[in-house]
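Comments concern the structure below.
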Amino acid sequence: QVQLVESGGGLVQAGGSLRLSCAASGGTFSSYAMGWFRQAPGKERKFVAAISRSGGNSDYGDSVKGRFTISRDNAKNTVYLQMNSLKPEDTAVYYCAAAYLRTSGNYYMGASLYDYWGQGTQVTVSS
């Protein structure tokens, strides 16, 4: 059983930056591809970014490409989401998720394919 704990959310002005962290425990972190999703009030959960087990491959949702960067440190069992040039429409609860994968270079973009989820961290961007 993998436990995921997000941190780093908060209130920031438009144009600012935040770095989210997600610390994993209870499993072999390097066996899991990791993803970030977000959910705004009244809306469905949406894909933000994903990274492969090794960290060599990653992908992003269209709305965050060029502004957000996902990374991971397997020695620290942590995945990060660096968010720059934040916009009010980035306001949401951000969740990290873990997916067990046998292949090191793959990742998932679909929320239903992830096995474990964190409790979420609120990000609010003011205009």
Side-chain angles (χ1 to χ4, degrees):
Q1 192 80 355
V2 175
Q3 293 81 44
L4 303 173
V5 179
E6 302 97 334
S7 61
L11 174 64
V12 64
Q13 288 188 332
S17 298
L18 281 175
R19 188 175 83 153
L20 305 183
S21 299
C22 173
S25 61
T28 303
F29 184 67
S30 59
S31 296
Y32 293 85
M34 300 298 295
W36 286 97
F37 293 79
R38 67 187 183 186
Q39 188 167 19
K43 297 189 177 181
E44 63 182 16
R45 192 168 296 189
K46 289 190 175 181
F47 171 74
V48 174
I51 190 166
S52 61
R53 288 170 44 187
S54 64
N57 294 319
S58 60
D59 206 350
Y60 300 88
D62 288 342
S63 62
V64 307
K65 281 182 180 177
R67 299 188 297 124
F68 291 11
T69 303
I70 188 172
S71 61
R72 66 187 296 161
D73 186 336
N74 285 348
K76 295 183 177 179
N77 292 353
T78 302
V79 62
Y80 305 96
L81 185 68
Q82 178 66 44
M83 306 186 295
N84 298 328
S85 302
L86 283 161
K87 304 175 182 180
E89 50 264 45
D90 294 319
T91 295
V93 177
Y94 283 72
Y95 299 90
C96 74
Y100 178 78
L101 280 171
R102 287 187 170 86
T103 54
S104 63
N106 293 342
Y107 51 82
Y108 291 136
M109 298 172 68
S112 63
L113 297 171
Y114 283 82
D115 303 303
Y116 303 100
W117 292 83
Q119 82 290 348
T121 186
Q122 176 71 46
V123 171
T124 302
V125 184
S126 63
S127 57

- Report yes or no: does N77 contribute a side-chain atom to a donor-acceptor pair with the main-chain N or O of F29 at less than 3.5 Å?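 Checking the backbone N and O of F29 against the side chain of N77, no donor-acceptor pair under 3.5 Å is found.
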
- Looking only at atom types and distance, does a side-chain atom of T91 sit under 3.5 Å from a main-chain N or O of V125, one as donor and one as acceptor? yes

Should [X] and [Y] count as side-chain neighbours, where that means a heavy-atom distance under 4.5 Å?
| X | Y | answer |
| --- | --- | --- |
| Q1 | Y116 | yes |
| E6 | L20 | no |
| M83 | V12 | no |
| Y95 | L4 | no |
| V123 | R38 | no |
| R67 | Y60 | no |
| R53 | S30 | no |

Can you name the nearest heavy-atom pair linking [X] to [Y], along with the distance?
| X | Y | result |
| --- | --- | --- |
| A33 | N106 | CB-O, 3.8 Å |
| M34 | A98 | SD-CB, 3.6 Å |
| Q82 | N84 | NE2-OD1, 2.9 Å |
| T124 | Q122 | OG1-NE2, 3.3 Å |
| P88 | S127 | CG-CB, 3.8 Å |

Assigning hydrophobic clusters by single linkage (Ile, Leu, Val, Met, Phe, Trp, Tyr; side-chain heavy-atom cutoff under 4.5 Å), is [X] placed with [Y]?
| X | Y | result |
| --- | --- | --- |
| V48 | Y114 | no |
| V5 | L81 | no |
| F47 | Y32 | no |
| Y107 | V2 | no |

- Specify whether F37 and W117 have parallel, tilted or perpendicular ring planes, treating 30° as the upper limit for parallel and 60° as the lower limit for perpendicular. tilted

Looking at [atom1] of [X] and [atom2] of [Y], how far apart are the two atoms once the value is rounded to the nearest 0.5 Å?
| X | Y | atom1 | atom2 | answer |
| --- | --- | --- | --- | --- |
| I70 | N57 | CD1 | CG | 12.0 Å |
| C96 | I51 | SG | CD1 | 12.5 Å |
| D90 | S63 | CG | OG | 7.0 Å |

- Task: Give the intermediate values and the outcome of side-chain contact (heavy atoms from CB on, under 4.5 Å) for residues W36 and F68.
- Result: CA-CA 11 Å; W36 286 97; F68 291 11; over 6 Å; no

- Decide yes or no on side-chain contact (heavy atoms from CB on, under 4.5 Å) for Q13 and L86, but give the supporting numbers first. CA-CA 8 Å; Q13 288 188 332; L86 283 161; over 6 Å; no

- Message: Does this structure show an ion pair linking D62 with K65, if we count only N-O contacts that are shorter than 4.0 Å?
- Response: yes

